[in-house]
Every structure is written in structure tokens, then in C-alpha cells.
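Have a look at the structure below, then the notes.
We name chains A, B, ... by the order of the sequence lines, and we start the count at 1 in each one.
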Number of protein chains: 2
Amino acid sequence: MINAARHELLAKVAAMYYEGDMTQSDIAAALDLSRVKIYRLLKEAREAQVVRVLIDWPLKRSPALEARLVERFGLEQALALQTGATDSALLRRQIAQLAARFLESLLADGARLSICFGSTTYEVISAIRPDFQANVRVMQATGSLPHALKEFDSSALTRQLARKLGGEARYLSSPLLADNAEAAAVIREQAVVRHALEQVRRADIALVGIGDLDPATSGFVRAGVAGSGQLRSYRERGAIGDMAWQIFDRAGQPFPCELNGRIIGVTLDELSALPRTVAVAVGLNKAAAIAGALRSGAINVLCTDEATAASVLEDGM
Amino acid sequence: MINAARHELLAKVAAMYYEGDMTQSDIAAALDLSRVKIYRLLKEAREAQVVRVLIDWPLKRSPALEARLVERFGLEQALALQTGATDSALLRRQIAQLAARFLESLLADGARLSICFGSTTYEVISAIRPDFQANVRVMQATGSLPHALKEFDSSALTRQLARKLGGEARYLSSPLLADNAEAAAVIREQAVVRHALEQVRRADIALVGIGDLDPATSGFVRAGVAGSGQLRSYRERGAIGDMAWQIFDRAGQPFPCELNGRIIGVTLDELSALPRTVAVAVGLNKAAAIAGALRSGAINVLCTDEATAASVLEDGM
DNA sequence: GCGATTAATGTGCAAATGCACAGCAGCTTC
DNA sequence: GAAGCTGCTGTGCATTTGCACATTAATCGC
């Protein structure tokens, strides 16, 4: 810490420069010091944080929390939105927007993006600016449902996103859920499916949501993939969350259950192997699931809000 | 107010320049824009306050003076800044910073803050750290002016502050000044206005400035609410200062004049009833007005500088 | 007191910045 | 369609800034 008199001098020079719009030479003349000295004082003022340049982002974030998440879970990046929103729908939309802006910054021409559809990723995709163009190849990473729930209609969304981004779509022409593990294996062996999944594994970026298996709200139930009783029993036996329709435990390890075997789509191991997996999730109730997902090592970037981030860190202690 | 996409662009460029230490040419190359364009974006970002340079003044206080103020006027707390600043603009900014730090310490999540806009409170609000978040409900406590003087644009400032704090804004949708007392009464009776004023009365904290009715500098004249002749005559008849656009006398009692009746906003009595009213004011010329305001009993916390504090104490003897 | 070492200060120049001016596209008006 | 207007965009240049290096002052050990 610098002493008070110097602090005062630094602040004074900084005020003359930044608030008084004087040039360094003017200040030097006014204070009877050399120009270089003023330059050095200004530099010192910046270094000592006597002057701070604050940038007001349309979406405000919490760098401190982000840094802790990055360190704690070995992430590449974390995004924690500062928000006063209490309404959960509004909050979700804000997070989706944050994630969309981030994705846009990531997607360069020729990028290959794998998408695991869920209600959160649906919102992220909606939040991507219609005029954003990047010629991206969009790949459907999980199979399709038989019925047309708008936020779970994977192939429609894949196409929509590809068109929005001005790129091409690669579909995973397969049901999301097979009747049993054997059938799932057969389906995965089909040329089109195998080929599509291979493409998914070659993505530069994957986008996933994280679920908490809550029987009341889980996409599993809404999509009719699992019953609420089934989820309850999984949770009791140690399952903590899901991502890309794969259920995992507290440690982020695949949870041994027949459901995981029946899903046709990218696996957690495959997600881990991708260069960059971006996960989006909010809600205090999801904190444990998110912490588990982060422990799996499959995620490189987490996009969430402050409150959830804090809760995840607590859980991760 | 700029739109979100532009705001984003400005913030991005500003971050690259100020945080990423890139030169304007580098940024131009990276974003495929011309250097001049980057220069102009940076300029716009500064003007639109998307980037703000915050100077941290050493905020040294005078506990002895503060204690005397507290005792003499029965305050909850007094803040008297020790400063060598001679330039009055600089001094005002330092006081604003002191007040802002204090407010930040006061504002907890869920707090309700009523603001009486004037040039001083404007500066206090500017000095609040953009990264300070508290989910505060901000309430406009005095009506709006017809023209757009930035430091008097109450509703814009209310919104800006609410956004900054990550909370919500409650507007007082009413003119500040009615043509006569009867019209003012009618306006006050309107459901929206009545409701807004009710909210203001339920605040936890109020922030006010104190004016001295000097015809040459008073906000009344600058805002076109009163003529300088009028102020002169009020002063001759015993008016000493104003706060929340209400004029009072040496004893801090409402000064009987038609102007007070025409103002739509929080009254001195209502301020007195609030749990905590924070007043910010500096300048030897304001000493008598400040002493009057303190005698009114409406103020719990005074934020000023050493010299003014000393002068107020002298006046208050 | 004197050389050695370190910190503070100033010189000179290349790089970065700010800005006046010119050019150009889109729009309105006649 | 010409003329005028408005709002963007880029060129060219003067000013301002950042910094390497030289210089001077201060501090210390002996």
C-alpha cells in the first residue's frame, strides 16, 4: 500500500489527466514537474489501482466468482452473470443471452458446433443474434424425440440454428431413446448414425445444459424419457444430475443405470474429449448437479449466474 | 440511451483497449474495422459512460469534527472529509466519492432507496462503483423537469441507478413543478403519483442534497424552477436553504412560500419520518443552509468536508 | 571520503493517438 | 434526375504518449 501523501498526488494527477482532460505536458507545467514524471505517476496510479477503468457491460459479470470457479474446477473460463433478477424465467433468458454472446465470440468461420438439446440450450440458441453469421457446421449430438415439443425437437433446432448461423446442419437421424441397451447398440452401429456421431466427436465446440433430475421439472419427465418415480429412485441411489441425457453421480461419473445405455447420443467421455465444451445452467437447485458435472472434467466453460456460482463453489468445497 | 448491441460493441472494444492493452490498430485488425472507427467507438464509449475512469481519492476523515457535528445536531453519523482540494469541482467529486462509499456500506439486498435529484446527488450516484450490486429498489422522490439537463433528469437517473445497483426503479411520473398549489394538489392525488409517493415514504434510506438558494448557483435557477429575483426575495424574508426542492428557514422549518406548495415530491416532514436520511453538501457558502437543514431534524447522516463542517458548527453555536 | 550500488530524473525518438478534412452513399426535395 | 442535406467512412498529419537509454542524485559499506 502506498502512503497517503503519494496517494493524494497520484489521484490529483490522475484527476487532471482523466477528468480535467489535460495533456501530460500541461500537468507537468502546472505542477512544475517533468513530463516523464507525470507519465510515470499516471502509470503508477493505474498500477496501484488509484485509477481504475471500469467497463459497463450490458451483461454484468462477477470476475471474482468467475476466477474462483476457474481455479476450483480447472475450467478454461467461467461466466457468472451479475443480476438482480428474481423471476426465474427472466434470469434464464439473461443467462441464455450471456451464453449466446459468448458463443458468438467463439464461433469463427468454419467452426463445428455440437448441440445437446434441452430447454436451456434451446434458449441459448434463440438468444443468438439473427444477424450473426459464421458459416458454422451445426451437429445434432443427441437423438430425436418422436413428438414435437418445441424445445426438444432436436433436428428442427439443428436446422434452425444452422440457418441462423449461415452454415450447414448435420443431423443425427436416430431416436433419442431405444427400448433397451441392445437395440441402442444396433442403432449406434447403423452407418448414418455412426457417421453422424463421428462428426459430433470432431466438433470444436459443444453446447450442453445441465439438469438436476428433479422429478417435477426435469426434461426427462417433460420429454417422456423417464418417469418421475424412476428419477426419484435414481436420485436416492446417488445420481445427481444429467447432461446430454446422460445421468451422472456426485463425482461426475456416469451413473450405472439402464437409461444411460438406451440413450443414443454423445457420451460424457466423448464430451470430455472435445476441445471445448460449454455448459449453461442456472438455479440454486441445480448447484449440486453443476458441481458434479464440473467434476466430470467434461466441461471447459461454465455459464451461470452469481447466486448459482456461489452455491456451486460451496458444494464443491 | 444506446441500444444493447451497440453497448456490447462499445464494451468489447473498450475492454480490448483498456483491459487487453491492445492498440487501436490491433483492435481494428482483430475486428476488421478501420482504426478511426475504433477511435470513434472508444470516444463514444467514454461519452456514453460505457467506460468510466474511477479515481480513488484517499478518503481521510476528521473524527473530532465528526463527533462535534453528531453531538451538536443529534445526528446518527457525520462524515467530514480531510482534503487539500482547492478546486471546487474536485472537492465535490471527492465528497461524492465519500458519500458513495458510505451508501454502498448501507445498501443491503432488498433495501429501498429514495433519491432527491440535484447536482450533488447526481455526482454521488456517478461515484457509486459500477460493480457494486445490491438489488436495491430505487425510488424517485421528486418530480421530473420538462427539459433534459443531465443532472436533473430524475427518471433517467433513477433508472440508471437502479440498473447500476442491479435492482428496480420506481418512477414518480409527475412534473416537479405545478402552476399553482391547487394543481399540485390535484396531481398529488393521482393514483400513480400517490402510489409512488407512498413508496417513497416507505424507503429505508433517502439521499438528499442541500442548496443555499444563491441566485447565482442554485439549482432552482439552473433548472428554471425559480427566478433569481424570487430567490433573492425569499432569502431577504428569512429563507436559508433548500432540500428536496423544499425551501426552509434558519430553524429548518418549511418556509412559507407559494413555491413549496407547487413542488411535487417528498416533503421535509416525510424526510424526517424516514429511518435514515443522508444529506450531502459542501461549500462554506452553504454552511448556514446546512445548519438550518440539520436543525430541521430531517437529517440523520451528513456528508461534507472539514472546512464546511467547521463553518456549520460555528453557525450552529 | 570514496567507490559501489541503487533509485530518481531527464533526453530523444518511434509509436500511438486525436482530429480536420475530404469523399461517398443514402435520403429528401424540387 | 439534379441539388442539397445528412450521416458515415477513411486519409493524412500534428500532437501526444510510451519507453529505451543516458544521466544525475542518493544511499550505503568500509
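- You'll find the side chain of A:Leu79 reaches within 4.5 Å of the side chain of A:Arg61, heavy atoms only.
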Between protein and nucleic acid, restricted to nucleotides 15-18 of chain C and to nitrogen or oxygen atoms under 3.5 Å apart, what atom pairs and distances do you find?
from: C:dT17; atom 1: OP1; to: B:Tyr17; atom 2: OH; distance (Å): 2.7
from: C:dT17; atom 1: OP2; to: B:Gln24; atom 2: N; distance (Å): 2.8
from: C:dG18; atom 1: OP2; to: B:Gln24; atom 2: NE2; distance (Å): 2.9
from: C:dG18; atom 1: O6; to: B:Arg35; atom 2: NH2; distance (Å): 2.8

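- Not one side-chain nitrogen or oxygen of A:Lys43 sits closer than 4.0 Å to the OP1 or OP2 atom of D:dT17.
- Counting only heavy atoms from C-beta outward, the side chains of B:Leu42 and B:Tyr18 approach each other to under 4.5 Å.
- A salt bridge links A:Arg6 to A:Glu44: at least one charged side-chain nitrogen sits closer than 4.0 Å to a carboxylate oxygen.
- Between A:Val301 and A:Leu75 there is no side-chain heavy-atom pair separated by less than 4.5 Å.
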Under-3.5 Å N/O pairs linking protein and nucleotides 8-10 of chain D:
from: D:dT9; atom 1: OP1; to: B:Lys37; atom 2: NZ; distance (Å): 3.4
from: D:dT9; atom 1: OP2; to: B:Lys37; atom 2: NZ; distance (Å): 2.4
from: D:dG10; atom 1: OP2; to: B:Ser34; atom 2: OG; distance (Å): 2.7
from: D:dG10; atom 1: N7; to: B:Arg40; atom 2: NH1; distance (Å): 3.3
from: D:dG10; atom 1: O6; to: B:Arg40; atom 2: NH2; distance (Å): 2.5

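- Residues meeting the side-chain hydrogen bond (donor to acceptor under 3.5 Å, both in side chains) test with A:Glu76, sequence neighbours left out: A:Arg276.
- Using a 4.5 Å cut-off on side-chain heavy atoms (C-beta onward), B:Glu306 and B:Leu65 make contact.
- The pair B:Arg101-B:Glu104 meets the salt-bridge criterion, with a side-chain N (NZ, NE, NH1 or NH2) lying under 4.0 Å from an Asp/Glu carboxylate O.
- Between A:Gln94 and A:Val282, the closest side-chain pair of non-hydrogen atoms is not below 4.5 Å.
- Rounded to whole Å, atom C1' of C:dA8 lies 14 Å from atom CD1 of A:Ile38.
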